[in-house]
There are 2 protein chains.
Amino acid sequence: MNIGEIARRAGVSRSTVSYALSGKRPVSEDTRRKIQHVIDELGYRPNASARALANGRTNTIGLVFPPAGNHYTGMQLDFIGSVVEAAAAQDYDVLLSPSGVDSDRSFQRMLGERRVDGAILMEIRLEDDRVDHLAALDFPSVAIGRSAHPEGTWWVGLDHTALAAACVHHLADLGHRRVAFVNRPEQLLRTGYESAHRGLDGFTKAAAERGLTVRTYCCGDDAASGQACLEQILHDDPATTALVTLNEAALGGLYRGLTQAGRHVPRDFSVTGVVAGRWAETVTPQLTAADVPAEEMGRRAVDLLVERLDHPDAPPRHHLLTPPISLRASTGPGPGPGLPSSIESR
Amino acid sequence: MNIGEIARRAGVSRSTVSYALSGKRPVSEDTRRKIQHVIDELGYRPNASARALANGRTNTIGLVFPPAGNHYTGMQLDFIGSVVEAAAAQDYDVLLSPSGVDSDRSFQRMLGERRVDGAILMEIRLEDDRVDHLAALDFPSVAIGRSAHPEGTWWVGLDHTALAAACVHHLADLGHRRVAFVNRPEQLLRTGYESAHRGLDGFTKAAAERGLTVRTYCCGDDAASGQACLEQILHDDPATTALVTLNEAALGGLYRGLTQAGRHVPRDFSVTGVVAGRWAETVTPQLTAADVPAEEMGRRAVDLLVERLDHPDAPPRHHLLTPPISLRASTGPGPGPGLPSSIESR
DNA sequence: CACTTCACGCGAACCGGTTCGATGACCGGC
DNA sequence: GCCGGTCATCGAACCGGTTCGCGTGAAGTG
């Protein structure tokens, strides 16, 4: 059931069948019908490997994301889902590679063995050897996230700095003066994860600007860690009245910790941060937060990649998104109106 | 940078390079070193398409899961993650196909074009044309889930009937008499999703056995639907004191609904069901539930598939799992001790 | 020293497509 | 009636590996 078989049964040559299928050269209506008939009858589909070998394109894109280690977050799920769907819409398949660094076996397989035409990278670090490696190879790729030096590369990212700052301003406007920041796990911060770094940065700067008293924490990606983290926060400074988090997996645990400490959200304590919308709506009270538009980001990444594949010489493009804060129910007035930072900060 | 280039530089023939790499025929230590040296120097990796074409194996497995539609559940995420990792451990890549039925373009691409050596199917329906199709083709595949007639096929599944029944017995033992069942969305039930059907079945039978008064509901896969569903439950029968759910995405909404109705969990109302452990621990109070061992299931599915690929004539195997109920904090005593069903049920 | 044995390496064919140059049939124009 | 030009089709080469059968030189044997 290969192209030769089809050609034989249709009484034509292999090349004619190929042209009939691809339309790259004219084929008479008559023979086209004959060929199509045989194909339908036998349910023939051209072999992907042979085709890829011949024309150098696999019609597959690679999706590179770090190994679960322990957990994936809901946001990662949303990215994966949206990338797969957007790719399918453009007739691309998606090959998954659980690689954190460019020396991973899986990463090498995907690229070195030319299994994919291009790649989408997730969980970008500020200094990311995968990004550098691909750039050096001039291998078509798009990052979901933005490294320290994104110039000249393709990416779609979130303005974590601005987002975290927006959360701070929101809380400061409500009169909160002592605010905690709950980051992703320390190991991620240490290895330079973009969102963890830029988020922390934006938080710190904005807090300084508003003269807030802050403490920052790293927290494991699970409910138990979130609960423990919250206990630590209240232990370190019982006067804390609000927190900003990037860690959606810990959110349930943070809430539980607050409940157990007898703090009512939002009456006694405000919670906000940057998380995927559907997770923000799962908790009670629903989280006032900057909703990560994971679906849009995945789709845009695929679109950029396909554009880059179709136009190898196109200049680099990117999208930097800054979704607004969705007001829900987890933030409320703080102890008092904000004071000029010059007074409060000394 | 192909095998011919390596051969030229090492001063040997292409076949010798191939044998040196595969070890399928002896190569002298001397030439092997020469070849390896050239390969290391050039960073050569054999082209996957060419290799697949020549020996008929892609070293890729397909993971078939239904399109997101609106949402993926956390459980699906866990499956995907564990499958990818288990596959990577066995040096297989994973190709994602968002296909619900065998006529999907993506499904056809994967199989018809021979992009994968075998497939893992998720979200099985009782009558599943994908399963039937693959069985008819004798295409190596493993289902995560069990269709109505699983004899002679390979699968790893959860005993949803027993699990739902266990939840009922747990509640009945606590003295609950009026219990609601919150299923996955109606559309899934209608199209014959295994878990929705078998779960409903197990619930209904066990409830009848224990003489409970029950109502069953379908509920969308999101928090808002969960909240609405709970309101409906209390509206239909305010005396309801417990519920069993298969719908982890709705869980947060169910809890919220209870809170807003002034019912305290577990004092006034008990909640249990079948969900992934990490989600059960996210909500407050933590959910007493049968934890879906998604990680184990994904791993086992890959192991089965690889076994089947390595031994094409091996007899069908399967794993039916029945994880125990993890006692957490969401269930408590009902209105009174259970009465003999003969009395209660009339 | 001639004869087998063996280890090693080579060349050619093959996997199933795509693509290029060539060929032949048919057409209209002069 | 011959010529130039289309149009449809064919054959062969190629993509980059794998694999089979065979040849060759060195080592072992009587």
Side-chain angles (χ1 to χ4, degrees), chain A residues 1-39 42-60 91 93 108-117, chain B residues 1-39 42-60 91 93 108-117:
Chain A
M1 53 289 319
N2 55 26
I3 202 174
E5 182 69 12
I6 303 296
R8 216 175 46 68
R9 300 215 189 193
V12 299
S13 74
R14 303 197 305 150
S15 48
T16 302
V17 175
S18 179
Y19 286 126
L21 249 30
S22 69
K24 294 196 178 172
R25 275 199 195 175
V27 170
S28 76
E29 193 48 39
D30 233 41
T31 44
R32 182 193 306 282
R33 256 200 306 274
K34 251 188 324 200
I35 292 172
Q36 193 57 50
H37 183 247
V38 175
I39 287 180
L42 270 62
Y44 164 78
R45 308 220 70 191
N47 180 301
S49 302
R51 199 208 292 260
L53 176 58
N55 67 16
R57 295 201 45 166
T58 60
N59 259 272
T60 302
D91 268 315
D93 284 332
Q108 291 299 333
R109 281 166 56 89
M110 239 180 52
L111 301 179
E113 305 183 2
R114 314 219 81 82
R115 281 174 200 268
V116 300
D117 295 335
Chain B
M1 49 324 277
N2 56 25
I3 202 175
E5 181 69 12
I6 303 297
R8 216 175 47 66
R9 300 215 189 191
V12 299
S13 74
R14 301 198 306 149
S15 49
T16 302
V17 175
S18 178
Y19 286 125
L21 249 30
S22 69
K24 294 196 178 172
R25 277 197 193 176
V27 170
S28 77
E29 193 47 39
D30 234 41
T31 45
R32 182 192 307 281
R33 256 202 306 275
K34 251 190 322 200
I35 292 172
Q36 192 58 51
H37 182 247
V38 175
I39 287 180
L42 270 63
Y44 164 78
R45 307 219 71 191
N47 180 301
S49 302
R51 201 210 292 262
L53 177 58
N55 67 17
R57 295 201 44 164
T58 60
N59 259 272
T60 302
D91 268 316
D93 284 332
Q108 292 298 334
R109 281 166 57 89
M110 238 180 53
L111 301 180
E113 304 182 2
R114 314 219 81 81
R115 281 174 200 268
V116 299
D117 295 334

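Note that the structure is predicted; figures quoted are calculated from it, not measured. Residue numbers start from 1 in every chain, and the chains themselves are labelled A, B, ... in the order their sequence lines are given, proteins ahead of strands.
- Near-neighbour residues of DNA chain C inside residues 9-17 of chain B, defined by a heavy atom below 4.0 Å, number-ordered: B:G11, B:V12, B:S13, B:R14, B:S15, B:T16.
- In plain terms, the two heavy atoms of A:N2 and A:Y44 that are nearest each other are C-CE1, 3.7 Å.
- Looking at residues 43-52 of chain B, you'll see B:Y44, B:P46, B:N47, B:A50, B:R51 sit with a heavy atom under 4.0 Å from some atom of DNA chain D.
- In terms of position on DNA chain C, the residue among B:S28 and B:A54 whose nearest nucleotide sits closer to the 5' end is B:S28.
- Pairs of residues two or more places apart, or lying in two chains, that qualify as side-chain hydrogen bond (donor to acceptor under 3.5 Å, both in side chains) and include a residue from residues 16-25 of chain B are B:S13-B:T16.
- The CD1 atom of A:I6 sits 9.5 Å away from atom CD of A:Q36, with the distance rounded to the nearest 0.5 Å.
- In this structure, CZ in A:R32 is found 9.5 Å from CG in A:L21, a value given to the nearest 0.5 Å.
- Of all nucleotides in DNA chain C, those with any atom nearer than 4.0 Å to a heavy atom of chain A start and finish, going 5' to 3', at C:dG16 to C:dA22.
- Each of B:N59, B:N47, B:T58, B:D93 was checked for a side chain to side chain donor-acceptor pair (under 3.5 Å) with A:R115, and the lone residue meeting it is B:D93.
- Atom CZ of B:R114 has 12 or fewer neighbouring heavy atoms from other residues, nucleotides or ligands inside a 6.0 Å radius.
- Mapped onto DNA chain D by nearest heavy atom, B:R25 and B:N55 fall at different nucleotides, with B:N55 at the one closer to the 5' end.
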- Test side chain to side chain contact (heavy atoms under 4.5 Å, CB included) on A:E5 and A:R9 and set out the steps. CA-CA 6 Å; A:E5 182 69 12; A:R9 300 215 189 193; 3.0 Å; yes
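- Residue B:R45 comes nearest to A:R109 through the heavy atom pair NH1-N, 3.4 Å, listed as atom of the first residue, atom of the second, then distance.
- Residue contacts for B:S22: at a heavy-atom cut-off of 4.0 Å it reaches no nucleic acid atom on any strand shown.
- When rounded to the nearest whole Å, the span between NZ of B:K24 and P of D:dG21 equals 15 Å.
- For A:R14 against A:G4, the heavy-atom pair with the smallest separation is CD-CA, 3.8 Å.
- Rounding to the nearest 0.5 angstrom, the gap separating the CD atom in B:Q108 from the CD atom in B:E113 is 9.0 Å.
- Judged by distance alone with a 3.5 Å cut-off, a donor-acceptor contact links the side chain of B:Y19 to the base of D:dC20.
- By the side chain to side chain contact (heavy atoms under 4.5 Å, CB included) test, B:A10 pairs with B:V12, B:I35, B:V38, sequence neighbours left out.
- Between the two ends of the helix from C:dC1-D:dG30 to C:dC30-D:dG1, each summarised by a five-pair axis, the helix axis turns through 60° (rounded to 10 degrees).
- Nearest-nucleotide positions on DNA chain C for B:P26 and A:L21 put B:P26 closer to the 5' end.
- B:A50 and A:L53 make their closest contact through CB-CD1, 3.7 Å (heavy atoms, listed as atom of the first residue, atom of the second, distance).
- To the nearest 0.5 angstrom, B:I39 atom CD1 is 13.0 Å from B:K34 atom NZ.
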